[in-house]
Each structure stands twice: as structure tokens, then as C-alpha cells.
Amino acid sequence: MLKLEVCCYGVDCALTAESAGADRIELCASPAEGGLTPSAGALHLARQRVRVPVHPIVRPRGGDFCYSAIEFEQIKSDIALLRELQFPGLVVGILDADGHIDLPRMQQLMALCDGMAVTFHRAFDLCHSPLTALEQLTDLGVARILTSGQQQSAESGLPLLRELNHLTRGPKIMAGAGVRLSNLQKFIDAGLTELHSSASQRVPSLMRYRKAGVSMCSETENDEFSRTAVDGDVVAAMKSAMLFSSPVRVA
């Protein structure tokens with residue numbers, strides 16, 4: 001069965017994605033950073049309101065995936081909260097300074113995540129050797145690997161995605177980065193059974209008064225009066241296409 005995971009930057013978006021047919025939610029904050037750990041309030045509300053599986057990302061900051069001792073402690077603390085809230089899974093990834101999977105730290109995290117499904121996120125796309133990383137993540141027991149095939153977009157990374165999907169003996173290979181309705185079939189034809197998409201659009205602010213010339217960040221061209229949100233129609237169309245393309249099940 002083909003599964004669609006939707007990246008959601010907030011609980012409102014998660015509810016939209018759920019109602020449109022998403023199979024799983026990756027809950028994040030901060031789209032400009034590529035996804036950071038959601039707030040405690042968002043996590044509590046997601047557990048109360050969202051019925052499909054929600055896997056929050058655990059990422060303390062933007063940038064690379066080689067973390068300081070303090071950042072690693074923060075990651076462990078966030079995982080403890082997710083376990084306390086009984087999330088079924090989470091999304092995390094750590095590399096060392098040489099671009100390899102940080103095995104000692106990942107072993108610690110996997111012990112903390114006992115009973116939860118762990119997705120190793122696109123830190124995989126910055127690792128030195130993807131085939132070695134696949135073996136290591138298999139031994140660690142991760143449930144899936146979110147990857148663009150080490151390219152800027154998953155469509156460009158299809159050759160590696162096919163190879164990983166052929167070689168894997170454990171983790172699901174989930175394509176992400178630029179997966180959309182227009183190229184969905186290419187990933188299905190490549191044999192991938194799990195796809196990850198933001199299915200997003202820019203939506204305008206509800207504010208009528210709009211102060212000009214003031215930005216909340218150093219990027220002065222940043223538009224404070226629009227935001228990234230899930231497009232429910234796109235999620236529904238993608239899920240419909242996936243259902244139509246699913247292999248016929250033999251009784």
C-alpha cells in the first residue's frame with residue numbers, strides 16, 4: 001500500500017492534511033529553516049486533535065546535523081517529551097564531523113526511542129557514503145529513511161532512490177524534496193511505496209492593517225503577511241493518484 005506523509009508546519013495544517021487523506025504527518029516548526037522541533041503547545045494539541053499518526057521532527061536548529069554536547073542533550077530531552085506524550089514515532093538524524101552517521105549518539109537515541117518508529121531524516125542526504133549509511137541505519141533499527149537521493153530534489157535523485165529501495169533489508173526508503181502531484185508517478189514507477197511532500201501553498205494573512213517597511217527578521221524582503229500552509233486539495237489529489245496507482249491486492 002502506498003503511503004503519503006505530509007510535512008506540516010503547525011496543527012492547523014496537520015488537521016487539513018488529515019482531512020484530505022494524508023496517511024501520516026511530519027510535524028515541524030520553522031519552514032524557513034527546513035523544519036525544527038515543534039513547540040510543547042503544538043505537540044500537546046497535535047496529540048489531542050490529530051488522529052492519523054504524527055511523527056514530530058526533533059531538530060534543535062537549522063544548518064548541519066553535527067551537534068554540540070548541549071544540542072545533543074536538548075535532542076534527548078525533546079525525545080523524552082515525545083515518549084511521555086506517546087507519539088508513535090519521530091524524525092531525527094545526527095552526523096559526525098566527517099559526514100558519517102554518528103553511531104554512538106544514534107545508538108543512545110534509538111535506546112530512548114524504544115517502541116517508537118524512527119525516521120532518519122535528510123541528514124542522510126549530507127552523509128559521506130549513502131550505502132554504508134543504509135547498512136548502519138538498518139543495524140540501528142530505524143523504520144524509514146527520508147531522502148532526496150542526495151540531490152537537491154528527489155526527482156533528480158531517482159537513480160540513488162531506486163538503488164536504495166532495491167538494497168534495503170529493513171528501513172523503508174521514503175522520497176522527499178520536491179515530491180508533488182506532477183511527478184508523483186515517477187516515484188511510484190521506481191518502486192517507492194512511501195512519499196513525503198509539503199503539498200504547500202502561500203496563504204495571505206487575515207490582517208487588514210499591514211505595517212509597511214518592518215520585518216521580523218533580517219531578510220527585509222520577507223513577507224510578514226503570508227505564510228506556508230498545506231493545500232488540502234493538493235493532498236487529496238496526490239492521495240487519489242496514489243490509490244489509483246496502488247498494486248492490485250490478491251486475495
Side-chain angles (χ1 to χ4, degrees), residues 1-29 31 35 38 42-43 45-58 82 85-93 113 115-122 124 137 141-149 154-155 158 161 164-165 168 170-201 228-250:
M1 178 66 72
L2 302 174
K3 291 188 177 295
L4 176 63
E5 177 180 277
V6 178
C7 177
C8 296
Y9 294 98
V11 179
D12 280 339
C13 288
L15 291 169
T16 298
E18 177 185 49
S19 65
D23 296 296
R24 184 172 57 244
I25 304 298
E26 182 196 40
L27 187 64
C28 307
L43 294 171
L45 200 57
R47 286 297 291 143
Q48 293 169 14
R49 300 287 185 86
V50 184
R51 296 292 168 254
V52 296
V54 175
H55 291 190
I57 193 170
V58 180
L82 299 185
L85 293 175
Q86 298 184 337
F87 280 94
L90 58 83
V91 182
V92 72
C113 294
M116 303 173 73
V118 175
T119 298
F120 192 91
H121 58 42
R122 291 191 62 215
F124 185 89
L137 294 173
V142 305
R144 64 185 52 81
I145 300 169
L146 171 61
T147 172
S148 63
E155 188 170 349
L158 268 169
L161 288 169
L164 293 168
N165 198 50
T168 187
K172 292 280 188 182
I173 304 302
M174 180 166 60
V179 175
R180 51 181 61 92
L181 182 61
S182 60
N183 61 14
L184 190 72
Q185 193 61 45
K186 294 181 180 181
F187 301 102
I188 296 171
D189 292 343
L192 296 161
T193 59
E194 297 204 5
L195 302 177
H196 172 99
S197 177
S198 62
S200 64
Q201 60 179 336
T228 300
V230 167
D231 187 330
D233 290 340
V234 171
V235 174
M238 292 179 73
K239 187 58 186 175
S240 177
M242 293 172 77
L243 290 171
F244 183 76
S245 298
S246 295
V248 176
R249 302 177 74 176
V250 179

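- Contact check for Ile145 versus Thr119: no side-chain heavy atoms found under the 4.5 Å cut-off.
- A cation-pi arrangement is present between Arg47 and Phe87, with the terminal nitrogen or guanidinium carbon under 6.0 Å from the aromatic centre and inside a 45° cone about the axis.
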The test is side chain to side chain contact (heavy atoms under 4.5 Å, CB included); show your working for Lys172 and Thr168 and say whether it passes.
CA-CA 7 Å; Lys172 292 280 188 182; Thr168 187; over 6 Å; no
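- Here the CG atom belonging to Leu85 is positioned 12.0 Å from the CG atom belonging to Leu90, to the nearest 0.5 angstrom.
- In terms of heavy-atom proximity, Val6 sits nearest to Ser198 at CG1-O, 4.1 Å.
- Pairing each heavy atom of Leu195 with each of Met242, the nearest pair is CD1-CE, 4.1 Å.
- Looking at Ile25 and Glu5, their side chains never come closer than 4.5 Å, going by heavy atoms from C-beta outward.
- Within the 4.5 Å cutoff, no side-chain heavy atoms of Leu2 are placed close to those of Leu243.
- Of all the heavy atoms in Gly149 and Leu161, the pair that sits closest is N-CD2, 3.8 Å.
- In terms of heavy atoms, Glu18 sits closest to Val52 at OE2-N, 3.0 Å.
- Between Val11 and Ala42, the shortest heavy-atom distance links the atoms CG2-O, 3.5 Å.
- Closest heavy-atom contact between Pro38 and Leu27: CG-O, 3.3 Å.
- One finds the OG atom of Ser240 at 12.0 Å from the CG atom of Asp233 (value rounded to the nearest 0.5 Å).
- For the pair Lys186 and Leu158, the minimum side-chain heavy-atom distance is below 4.5 Å.
- The CG atom of Asn165 sits 6.5 Å away from atom OG1 of Thr193, with the distance rounded to the nearest 0.5 Å.
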Show your working on side chain to side chain contact (heavy atoms under 4.5 Å, CB included) between Leu82 and Met116 and close with a plain yes or no.
CA-CA 10 Å; Leu82 299 185; Met116 303 173 73; 4.1 Å; yes
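- Surrounding CG of Asp12 are at most 12 heavy atoms belonging to other residues, nucleotides or ligands under 6.0 Å away.
- Side-chain atoms of His121 come within 3.5 Å of backbone atoms of Gly93 as a donor-acceptor pair (strictly under, hydrogens ignored).
- A heavy-atom distance below 4.5 Å is found between the side chains of Met238 and Val179.
- Using a 4.5 Å heavy-atom cutoff, the side chains of Val58 and Val91 are not in contact.
- Taking OG from Ser245 and CG from Asp189, the interatomic distance works out to 7.5 Å, rounded to the nearest 0.5 Å.
- Here the rule is side chain to side chain contact (heavy atoms under 4.5 Å, CB included) with Cys13, and of Val230, Asp231, Val235 only Val230 fits it.
- Separation of atoms NZ (Lys239) and CZ (Phe244) is listed at 15.0 Å; rounding is to 0.5 Å.
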Begin from the C-alpha positions of Arg24 and Met174 and carry the test side chain to side chain contact (heavy atoms under 4.5 Å, CB included) through to its verdict.
CA-CA 12 Å; Arg24 184 172 57 244; Met174 180 166 60; 3.5 Å; yes
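- Defined by atom type and a distance below 3.5 Å, a donor-acceptor pair is missing between the side-chain atoms of Thr147 and Arg122.
- No hydrogens or angles considered: nothing links the side chains of His55 and Glu26 as a donor-acceptor pair under 3.5 Å.
- Residues Cys7 and Cys28 form a side-chain contact, since some pair of their non-hydrogen atoms from C-beta on lies under 4.5 Å apart.
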Between Phe124 and Leu164, is a side chain to side chain contact (heavy atoms under 4.5 Å, CB included) present by the stated rule, with each step listed?
CA-CA 12 Å; Phe124 185 89; Leu164 293 168; 3.7 Å; yes
